[in-house]
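Shown next, in C-alpha cells, is the structure this report addresses.
Letters go in sequence order (proteins before strands), and every chain restarts at 1.
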Amino acid sequence: MTTDRVRLLADMYRIRRMEETCAELYGLQKIRGFLHLYIGEEACAVGAVHALTDDDNILATYREHGHALMRGVPMNSIMAEMYGKASGCSRGRGGSMHLFDSSRRFYGGTAIVGSGLPQAVGLALADTMLARPGITVCFFGDGAVAEGAFHESLNLASLWRLPVLFVIENNLYAMGTALSRAQAQTDLASKAAGYAMTSSAADGMDVEAVHAAVSEAAAAVRAGRRPHLLELHTYRFRAHSMFDAELYRDRAEVDEWKKRDPIATYAARLVADGVLDKAGVDGLDRAARDEVTGAVEFAEATPWEPVADLLTDVHTPRGM
Amino acid sequence: MTTDRVRLLADMYRIRRMEETCAELYGLQKIRGFLHLYIGEEACAVGAVHALTDDDNILATYREHGHALMRGVPMNSIMAEMYGKASGCSRGRGGSMHLFDSSRRFYGGTAIVGSGLPQAVGLALADTMLARPGITVCFFGDGAVAEGAFHESLNLASLWRLPVLFVIENNLYAMGTALSRAQAQTDLASKAAGYAMTSSAADGMDVEAVHAAVSEAAAAVRAGRRPHLLELHTYRFRAHSMFDAELYRDRAEVDEWKKRDPIATYAARLVADGVLDKAGVDGLDRAARDEVTGAVEFAEATPWEPVADLLTDVHTPRGM
Amino acid sequence: MRITYRDAMRLAIRDALLADPRVLLMGEDVGLYGGSYAVSKGLLDEFGPERIRDTPLSELGFVGAGVGAAIGGLRPIVEIMTCNFSLLALDQIVNSAALLRHMSGGQFSVPIVIRMATGAGRQLAAQHSHSLENWYAHVPGLRVLTPATVADARAMLAPALADPDPVVIVEHAALYNTEADVPEGLTCDIERAAVRRPGSAVSLVTYGGSLPKVLAAADVLAAEGIEAEVLDLRVLRPLDVASVATSLRRTHRVVVVDEGWKTGSLAGEVLARIAEECLFDLDAPPRRVCSAEVPIPYAKHLEDAALPQVEGVVAAVHQVIA
Amino acid sequence: MRITYRDAMRLAIRDALLADPRVLLMGEDVGLYGGSYAVSKGLLDEFGPERIRDTPLSELGFVGAGVGAAIGGLRPIVEIMTCNFSLLALDQIVNSAALLRHMSGGQFSVPIVIRMATGAGRQLAAQHSHSLENWYAHVPGLRVLTPATVADARAMLAPALADPDPVVIVEHAALYNTEADVPEGLTCDIERAAVRRPGSAVSLVTYGGSLPKVLAAADVLAAEGIEAEVLDLRVLRPLDVASVATSLRRTHRVVVVDEGWKTGSLAGEVLARIAEECLFDLDAPPRRVCSAEVPIPYAKHLEDAALPQVEGVVAAVHQVIA
Ligand SMILES: Cc1ncc(C[n+]2csc(CCOP(=O)(O)OP(=O)(O)O)c2C)c(N)n1
Ligand SMILES: Cc1ncc(C[n+]2csc(CCOP(=O)(O)OP(=O)(O)O)c2C)c(N)n1
Ligand SMILES: [Mg+2]
Ligand SMILES: [Mg+2]
C-alpha cells in the first residue's frame, strides 16, 4: 500500500487521545451537550480518509470527530468548537455534533440520523454537473439504514449514476438497539441489490483492511461515476453518548471486541513487521498527547464570541 | 379454483362500467376534484379481493374505486361519495380519493403516496396483539416503492413478523414517470430480499393469475404470520387523472397493452371454455350497466349534508 | 404581454435557466409530464433532462439532494408538487437548509429555491388542501414568498435565486389560471409588502390565493362607499411589519385574510404584531378571516363553507367598522 | 409522594398499561435502553417486549404503524425521542392521524397518544433544540398537551388516552428532573388552563418548559411589589382562551412567554386572541418573550441569549406596567 503505515497508526492515536481528553473535559463541564465518542472505531475514519483525495466531499454524523481530524481540520479548532469558542471550526455554534470545514470539503456533522445521505447525493450531482473530479463519501451508522432517507438516497444515487460512496459504520448498535432488533435483514451490504448498486464489506477494526476496501470502492466510484455501498464492521467501546448507562449489552461482549482494538492490534502488527519498535509506538502516542494538550490550551485561551453576534449567520450577508 | 369464474368476470365489468360512467360524470362536473381511473387494472382488485376473507383488512390508494367495490362497499354509496353526498361511504367528506368503510375493514383511500404502508403494519400489529385472525392487505403503486415509507414499513413488518401482504400494482408509471426513470432496480419484487421477506409476482392482466397468486401469498402470510411482497404487472389504459395530457407515453404502447384487456381476454376465455356464451357475457355487462344506472340515480336523489354540519367529525363525540 | 400566472412562473424559470448554467429544476414530473400544474411544460425539450430533472417519488430524498446540490455550487429550483407532500421533506428544509449556515458558523450557505403549490378550493379534499404558510414563516433561516399576482409570479424568482439562503415559494393552485398584462423587465422587491389597492377606511391584509377574494371584497365594499386598502404581504418571512403599521395608522381598522386554519395562522402573527406595535392606533378589535378549524371536506358546499370567501371578508369589515 | 417529572410520566404510563391491555408503548429505545430520557426504565421488565416495543430508526414508519394500530383497536403511546425528529413523521401525524376521522365521515377515530420531548437549554445545538408547539397547535383534529408540572405529568396521560382522537404530548426536556410532592388519585382537566400563581398586576401566560422561568420571574416581581398572575396554558389545542381573557380582564396587562421562535409562535396566537376578544381591556401593548429568531447555538452564553430568561420576563413586565 502506498500510504504510510506509521501515519495510519499515528492518526488513530490522535483520534483516541483527543477523544479520551474530550471525555475528561465533559466530566469537567468544559464540553457540554451531547458527546458521542468514536473510540474503538478509529480504523474506519483513518483508513477511509487516507484513501481519498482533497477533491472528495465528506459527510459524517454526530460521531464525527475522527473524520474531521482526518480530513485535516486542525485539532485546535475541533477542541475549540467543543468548548463553544469562536475559534472553533463552526465558530462555537455547532459543538461536538456539528463540525464543519468548507475549505476542506467537510460537510459535517449532522445530528439528524440519515440526513446526510440525501445531501451526499446532491453534492455528487453538483460535482457531476459542474464537471469536478471529486467523489462524495458519506459515513453513517447501522441505525441510519432503517430510515427512509437511506432508501431514497441509494435509489437516487444509483438511478442518476452519481459518484457517491456510502459507508456504513456498522457498530452493531443504534443507541441501545442491537442491529438484529432493528433490521429484518442484518446483512447490510446486501441491501445494495435493491438499488442495483455494487457493494462490499470490510473489517472496520483493521485500518489496512479499511484503507484497501475504501481505495478499491472509491476507485470504482471515481472511474464508473456510479455509487457503491461499503459496510465496515466495527464496534464502539464506549457508551453511545455521555448519558448512556449501557443496559443493553454485556460487559463481556465489549471486552471481547476490545481484544480487537484497532490501535493495539495495529501497533503490535507494525512492531511485528519491524516497521516500528516499542519506543517508536510510544513516540506516536506521546506526539498525539502533546497535540491534544496544545489543543486544550488553545481552546482555553481563545475568547468567547460576543453575545451581540448572536444573530449573525442566520442569513448570508449580502455581497458575499 | 374455488371462486366462481363468472363472478370474477362480472365484477370486472362492474368496476369498468362504474368508472366509465364516473369519467362521463366528471365531464358533466357532477364529480369533481381528482379522479383516478383503474380502467385496465381491474383484474388486480377483483382477483385479489376474491382471495381474501372478511376478517382481512384492506388499504388502497387514491385509485381505489375497484378495491372498495370488491370489498362490498355498495356502488350506490361509492357513487354518492363521488358526488359529495352525505349518503356517500365517507359522508361526502372524502370524495373519489377517500372511500372508507369501517364495517368492511376497508381503510381507504389515501391521497398521500405511500402513507398506507405504515398503517398496514399497525393494523397487522393490532390483529396480532388482539389475537384476531385477519391479515392486512395493502395495495400501492410502483411509484410508492421509491418512498421512504415503503422501506420503513417493509422492514418493520418483517422484523416484527406481522401478517401484511404488500401488493404492488405495477402499472409501469407514476403519473408521467416510467418505472425505469424512477427506480434503479426495476424488478420490484426482488426488493423483498433487503427485508428478508418472501416475494412473488403475477400477471396483473389475468384475473385468475392474480387470484392464484394472492391466494397463495395470503395463505403463507396467514399461516406464517409473516409479511410477503407481491408484484402485479398491470397497466392503466386511461390517463393518470383527468388532468393528464399523457405526453409521456406512446399511443402504440397503450394499444399494445389494450390487447391484453383483462375483461375482453377473460370473457373470451370463459366463452372458449364453455363457461359462458356470448349472451351470458352480455348479460353480465348489462347487469353492471344497470347497477351503475341505479347508483347514479341514488347519488342524484340523495340530499346534501347541511352546511351547519361542517364541523362534525373533526373530533369524536364524547361517549362514543 | 398578456400571460397566465402559470406562464409567468415558467418564463421566470426559463430566464433563470438561460441566465445561469448552475440553475436546474428538479421534482416529480417536472420534465416529461410538464409539471403537475403544467408550469414547466416545454422546458425539458429546451434544456434537457440534466437541468429539467424528473425525480422519483422521494420528497425527503430529492429535497435533501437539492440542499446538497446547493451547498455544492448549483442553484437548484426544487419543486414539491404541493405543500401537502412537503411534510415528508420538512426535515431537510427545516433541520438542514434553514440551519446549516448558522450551525456551521457561516461556512455554508444553501442557495436553494423550493417551490410548492398550496391551498384548497378545487375539491381535492383534506390531504390535498393544506395552507401551511405559517409553519414555514416560523423558521429562522428561511425566506418565504407568496406571489399572488401574475407580475409577482413573473418577477419573484430572480431575486429568490439571487438570495444566497434558502427561499420557499408558495404558489396557490387557484392562481395558475389567472391572467394579466405583464411588462418586460419587471423587478420585485422581496423585502416589502405591496399595496394592491389604496384606501382609508380599513386595512385588508392578505397574501397568496386570498388576494383575489380580498380585492373582490374591496369592490363590494367600495360600492357601499367603504374604501378599503388592500395590502398583499407577499413576503411572509421576514414579515414587512412596517407596511402593515403604515396602513393601519391611516385606517385604524384591520381585517387579516389568510387561508390557513385560524388557530396558529400567519394571520395570528400579523394580529400579534399589530397588538404589540400599534395597539393604540386601533379603533376596533382586529379581525381574522381564515379557514374553519376542520380538515377541508370534498363536497363543494362544505369546502366553500370552510374557506375564506368574499362575503366573509365583507362581513368582517362591517364588524370592524360598526 | 415526592417524585420527578420523569417518574411521574413513567408512573402514568405504567398505570395505563396496567389499566388497559390495549395500551402499548412504542418508540426508539423505549425498551432495553430505558428511554432516551429514562422515562420508561423498568417497564420492559414488567410488561415485556410486545407492549414496550423498541422500534428501528424509522419515525415515519413507526408513527404510521401507531396510527394503524390505533385504528385497529389498540391504544398506542408512541414516543418520538424529540420534536426535532418528529419532522420525519409529520405526514402521518398531520395528513393521516389528524384528518382520518373527518375524511372518513366519522368512521375511524385514531386514539393514539404521541409523546415527544421538546425544547432547548442543554447545549444540544440547532438540530436538537426546536420548540414547534405552534405547528401542532395549528392542526384541526389534534389535541396538544404540554405538562409543565410534575402533577400534570402524572395526571395528563390518562385523559389523553381516554380521548378517542389523536393527542400530542410535548414534554420539555428541561423538566424531567424537576421534583414535587404529588398526591394519589390526581386528575387533570385537559380542557382548561391552570392558574399557577394568582395576581392582579399583570398576566403572565406561558406553558411547558417556560413555566419555571415565569414563576421565578413572578418571585422577582413580587419582591418588587408587583403581583403577577401566572397562567399555564397547559392545553395548546384547543386553546383555553376563556381563561386567558378572565385573567386579563382582571390585570389589563399581559406578557406571553413561549420558547418558540417569536414569529409564528403560539404566543402570537395568544396575542391575536387577546386583540380580537379583549382589545379594550388592555391598558398597555401586550408583549411576547420568545426565542430569538436564530437556530439555537451550541455555546452556552449564546444559547442563553437566544432563549427566554427570567430577566427578560421581568423586563417585559416592566415595559407593560410602565
Ligand atoms: C432522525 C433521528 N432519530 C433519532 C435520533 C436519536 N439518535 C441519535 S444517535 C442514534 C443512534 C444512531 O445509531 P447509528 O446510526 O447506528 O449510529 P452510531 O450512533 O452507532 O454511530 C439515535 C437513535 C436522531 N438523532 N435522529
Ligand atoms: C407523497 C406524494 N407525492 C406526490 C403525490 C402526487 N401523486 C399522486 S399519484 C402520483 C403517482 C403515483 O404513482 P403510483 O404509485 O405508481 O400509482 P398509480 O397512480 O400508478 O396507481 C403522484 C406523484 C402524492 N399524492 N403524494
Ligand atoms: Mg451504530
Ligand atoms: Mg403506477
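In this structure, Phe34(A) and His128(D) have perpendicular ring planes: the angle between them is above 60°, well past the 30° mark.
To the nearest 0.5 Å, atoms OG (Ser115(A)) and CG (Leu88(D)) are separated by 8.5 Å.
When heavy atoms are compared at a cutoff of 4.5 Å, Ile31(A) approaches chain D by way of both its backbone and its side chain. Residue Asp309(A) does not touch chain D at all, counting heavy-atom pairs closer than 4.5 Å. With a 4.5 angstrom heavy-atom cutoff, Met97(A) touches chain D only via side-chain atoms. Both the backbone and the side chain of Glu305(A) come within less than 4.5 Å of a heavy atom of chain D. Heavy atoms of Tyr83(A) lying under 4.5 Å from chain D belong exclusively to its backbone. Within the 4.5 angstrom heavy-atom criterion, atoms from both the backbone and the side chain of Thr110(A) approach chain D.
Between chain D and the options Gly114(A), Gly88(A), Ser241(A), Gly92(A), heavy-atom pairs under 4.5 Å are most frequent for Gly92(A). Interface check for chain D: of the options Ile112(A), Val113(A), Leu311(A), the most heavy-atom pairs under 4.5 Å are formed by Ile112(A). Between chain D and the options Ser96(A), Ala86(A), Gly148(A), Gly94(A), the largest number of non-hydrogen pairs under 4.5 Å is found for Gly94(A). Contact tally against chain D (heavy-atom pairs below 4.5 Å) for Asp244(A), Val145(A), Leu247(A): the top residue is Asp244(A). In terms of heavy-atom pairs under 4.5 Å with chain D, the best-connected choice from Ala144(A), Ser90(A), Ala149(A), Gly143(A) is Gly143(A).
The minimum heavy-atom distance linking Gly176(A) with Asp29(D) is given by the pair N-OD1, 3.2 Å. Taking every heavy atom of both residues into account, Pro295(D) and Val314(A) meet most closely at CD-CG2, 4.0 Å. Considering all non-hydrogen atoms of both residues, Ala305(D) and Val307(A) come closest at CB-CG1, 3.5 Å. When all heavy atoms of Arg93(A) and Ala125(D) are compared, the closest pair comes out as O-CB, 4.2 Å.
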Trace of the side-chain hydrogen bond (donor to acceptor under 3.5 Å, both in side chains) decision for Thr177(A) with Asp54(D): CA-CA 8 Å; Thr177(A) 303; Asp54(D) 279 323; 5.0 Å; no

